[in-house]
Enquirer: 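I'd like to ask some things about the structure below.
These numbers come from the heavy atoms of this one structure, side chains and all, not from hydrogens, waters or symmetry mates. Counting starts at 1 for both ligands and their atoms, following the listed order. Quantities reported herein were computed from a predicted structural model and do not represent experimental measurements.
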Amino acid sequence: MTMQAQPSLPLSVQAAGPISTPTRITELPGDLFDAPEGSALIHACNTQGSWGGGIAGTFKERYPTAYQVYRSHCLGLLRSRETHKIRDMQTHNMTSISVQKPLGTALIIPPQPADSRPGRKKHWIICLFTSAGYGRRVDRREQIINHTYAALRDLQEKLVDLRLDGTEPVPTALFSCQFNSGLFGVPWRDTRVALDQSGLHVTVIYPPGQTGKTE
Ligand SMILES: Nc1ncnc2c1ncn2[C@@H]1O[C@H](COP(=O)(O)OP(=O)(O)OC[C@H]2O[C@H](OP(=O)(O)O)[C@H](O)[C@@H]2O)[C@@H](O)[C@H]1O
């Protein structure tokens, strides 16, 4: 199945508009890896440098060089921490927490020449660092949601910088899976709210038979 990005909505990084702006998110059944050549595939990552199960395992198998870029990025930051301001889900007050880098950020990996295979499309890969741990050590749901908002803000800023830089090609469109909703155990509707509020134009692909949330 060949999927088209939202043709009337070229990739553009919009300032996060008011909540009432029309959603820029489309959900379609299919296979994320069928996304058009040159588009970016977004998935949720841990900060330990592991793409093990779930869709990450497929990313690792299809893009082994990109996986090494992701892993080196994580290992280089394992001893770095930074302070994040987050909203306490109970008191709704802003509070500061110390988190391990690169939690709450995005990593944009251009197509890696060594990952090219005959007949396979070249894709950018975007890692959203939404949980430090994985498996039994996965972060709590509210932490993952907080880091998702932060990582989407960081992605928006990095896409603006990429476009302003002008010396490098940019992803032709943004595609994602229903990230956080599998092994990270966060209901898709919660992540979808963060995605709606990010102001990004994203086509979300979900396996046929899994429910999407179409507008
Ligand atoms: N081809 C395809 N096309 C479209 N959608 C596809 C698909 N294949 C699967 N999906 C769906 O994509 C969503 C994400 O579900 P996932 O469980 O994979 O990821 P997640 O974001 O919840 O969690 C991240 C952690 O899981 C990983 O593995 P490890 O922890 O390392 O073992 C990472 O490394 C992180 O740590 C689910 O809706 C799947 O149905």
Side-chain angles (χ1 to χ4, degrees), residues 1-5 25-37 39-64 66-75 77-78 99-107 109 115 117 120-152 155 173-195 198 200 202-214:
M1 167 188 177
T2 305
M3 286 175 294
Q4 290 303 319
I25 309 299
T26 299
E27 295 199 46
L28 295 171
D31 182 337
L32 178 63
F33 300 100
D34 287 343
E37 173 92 3
S39 54
L41 312 183
I42 299 171
H43 71 126
C45 295
N46 61 69
T47 63
Q48 305 310 309
S50 165
W51 285 355
I55 198 169
T58 311
F59 271 98
K60 184 177 178 181
E61 181 272 322
R62 280 174 168 264
Y63 310 106
Y67 168 68
Q68 291 305 328
V69 173
Y70 150 80
R71 180 168 172 77
S72 305
H73 181 75
C74 292
L75 299 186
L77 292 170
L78 271 185
V99 297
Q100 179 198 316
K101 282 178 144 180
L103 204 51
T105 67
L107 173 66
I109 305 173
D115 286 343
R117 297 286 182 281
R120 265 198 185 164
K121 296 171 183 160
K122 294 186 185 65
H123 290 128
W124 295 66
I125 294 174
I126 293 175
C127 304
L128 296 177
F129 293 99
T130 61
S131 174
Y134 63 99
R136 284 198 309 277
R137 301 171 66 91
V138 69
D139 294 3
R140 291 197 321 274
R141 186 181 295 188
E142 59 272 16
Q143 290 173 313
I144 292 174
I145 285 298
N146 266 310
H147 300 320
T148 298
Y149 278 93
L152 287 169
L155 173 57
L174 298 179
F175 284 78
S176 85
C177 60
Q178 291 183 335
F179 58 92
N180 293 334
S181 71
L183 291 165
F184 275 174
V186 177
W188 170 242
R189 64 178 178 280
D190 295 350
T191 300
R192 171 66 198 261
V193 170
L195 203 49
S198 71
L200 294 167
V202 180
T203 304
V204 178
I205 305 301
Y206 56 91
Q210 185 167 308
T211 53
K213 178 191 169 209
T214 45

Enquirer: Please list the nearest protein heavy atom to atom 13 (C) of ligand 1 with its residue and the distance rounded to 0.1 Å.
Expert: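 For atom 13 (C) of ligand 1, the nearest protein heavy atom comes out as Q178 O, 3.5 Å.
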
Enquirer: Let me know which of I55, T148, I144 forms a side chain to side chain contact (heavy atoms under 4.5 Å, CB included) with F179.
Expert: T148

Enquirer: For atom 30 (O) of ligand 1, what is the closest protein heavy atom, and at what distance to 0.1 Å?
Expert: Y134 CB, 3.4 Å

Enquirer: Suppose I only count heavy atoms of A56 and a 4.0 Å limit; which atoms of ligand 1 are within that range?
Expert: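 Near A56, meaning under 4.0 Å from one of its heavy atoms, ligand 1 has 27 (C), 33 (C), 34 (O).
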
Enquirer: Can you spot which of D139, T47, T105, N180 makes a side chain to side chain donor-acceptor pair (under 3.5 Å) with T130?
Expert: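 For T130, the side chain to side chain donor-acceptor pair (under 3.5 Å) test succeeds with only one of D139, T47, T105, N180, which is N180.
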
Enquirer: Could you identify the single nearest non-hydrogen protein atom to atom 3 (N) of ligand 1 and state the distance to 0.1 Å?
Expert: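 Its nearest protein heavy-atom neighbour is L32 N, 2.9 Å.
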
Enquirer: I need the nearest protein heavy-atom contact for atom 34 (O) of ligand 1: residue, atom name and distance, please.
Expert: S50 O, 3.1 Å

Enquirer: Is the count of non-hydrogen atoms from other residues, nucleotides or ligands lying under 6.0 Å from R137 atom CZ greater than 12?
Expert: no

Enquirer: Taking atom 21 (O) of ligand 1 as the point of reference, which of N180, I205, D31 owns the nearest heavy atom?
Expert: N180

Enquirer: Considering the heavy atoms of F179, write down every atom of ligand 1 situated less than 4.0 Å from one of them.
Expert: 21 (O)

Enquirer: Should you measure from each heavy atom of G54, which atoms of ligand 1 turn up under 4.0 Å away?
Expert: 18 (O)

Enquirer: Using side chain to side chain donor-acceptor pair (under 3.5 Å), reason through E61 and W51 one step at a time and then give a plain yes or no.
Expert: CA-CA 9 Å; E61 181 272 322; W51 285 355; over 6 Å; no

Enquirer: Students should be able to answer this: which protein heavy-atom is nearest to atom 22 (O) of ligand 1, and at what distance?
Expert: G182 N, 2.7 Å

Enquirer: Run N46 and S131 through side chain to side chain donor-acceptor pair (under 3.5 Å) and show every step you take.
Expert: CA-CA 5 Å; N46 61 69; S131 174; over 6 Å; no

Enquirer: Apply the side chain to side chain contact (heavy atoms under 4.5 Å, CB included) test between F175 and each candidate in V202, L41, I126, I42; give the one that qualifies.
Expert: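 Among V202, L41, I126, I42, the one meeting side chain to side chain contact (heavy atoms under 4.5 Å, CB included) with F175 is L41.
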
Enquirer: Give a yes or no on whether the ring-centroid distance for F129 and H73 is below 6.0 angstrom.
Expert: yes

Enquirer: Can you list the ligand 1 atoms lying under 4.0 Å from a non-hydrogen atom of F33?
Expert: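 Numbered from 1, ligand 1 contributes 1 (N).
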
Enquirer: Hey, is W188 touching ligand 1 through its side chain, its backbone, both or neither, going by heavy atoms under 4.0 Å?
Expert: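 For W188, there is no contact with ligand 1 at all, from either part.
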
Enquirer: What protein heavy atom sits nearest atom 32 (O) of ligand 1, and how far away is it?
Expert: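 In this structure, atom 32 (O) of ligand 1 has G53 N, 2.7 Å as its nearest protein heavy atom.
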
Enquirer: Using a 4.0 Å cut-off to any heavy atom of A44, which atoms of ligand 1 qualify?
Expert: 21 (O), 24 (C), 35 (C)

Enquirer: Who are the salt bridge (Lys or Arg N to Asp or Glu O under 4.0 Å) partners of R140, not counting sequence neighbours?
Expert: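 Scan of R140 (salt bridge (Lys or Arg N to Asp or Glu O under 4.0 Å), adjacent residues dropped) gives E142.
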
Enquirer: Just distances here: any N/O of F184 and N/O of ligand 1 closer than 3.5 Å?
Expert: yes

Enquirer: Got an N/O contact under 3.5 Å between G52 and ligand 1?
Expert: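 Yes, G52 has an N/O under 3.5 Å of an N/O on ligand 1.
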
Enquirer: So is T58 in contact with ligand 1, going by heavy-atom distances below 4.0 Å?
Expert: no

Enquirer: Starting from atom 12 (O) of ligand 1, find the nearest protein heavy-atom neighbour and note its residue, name and distance.
Expert: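 Result: C177 CB, 3.5 Å.
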
Enquirer: The test is side-chain contact (heavy atoms from CB on, under 4.5 Å); show your working for V193 and L195 and say whether it passes.
Expert: CA-CA 5 Å; V193 170; L195 203 49; over 6 Å; no

Enquirer: Roughly how far apart are I25 CD1 and L200 CG, rounded to 0.5 Å?
Expert: 7.0 Å

Enquirer: Where on L183 is there a heavy atom closer than 4.0 Å to ligand 1, on the side chain, on the backbone, on both, or on neither?
Expert: both

Enquirer: Provide, to 0.1 Å, the distance between atom 18 (O) of ligand 1 and the closest protein heavy atom, together with that atom's residue and name.
Expert: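 Result: I55 N, 2.7 Å.
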
Enquirer: Dump the intermediate steps for side-chain contact (heavy atoms from CB on, under 4.5 Å) on H123 and E37, then the final yes or no.
Expert: CA-CA 6 Å; H123 290 128; E37 173 92 3; over 6 Å; no

Enquirer: With a 6.0 Å cut-off on ring centres, are F59 and F33 close enough?
Expert: yes

Enquirer: For ligand 1, note which part of Q210 has a heavy atom under 4.0 Å away: side chain, backbone, both or neither.
Expert: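 It is the side chain that touches ligand 1; the backbone stays farther off.
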
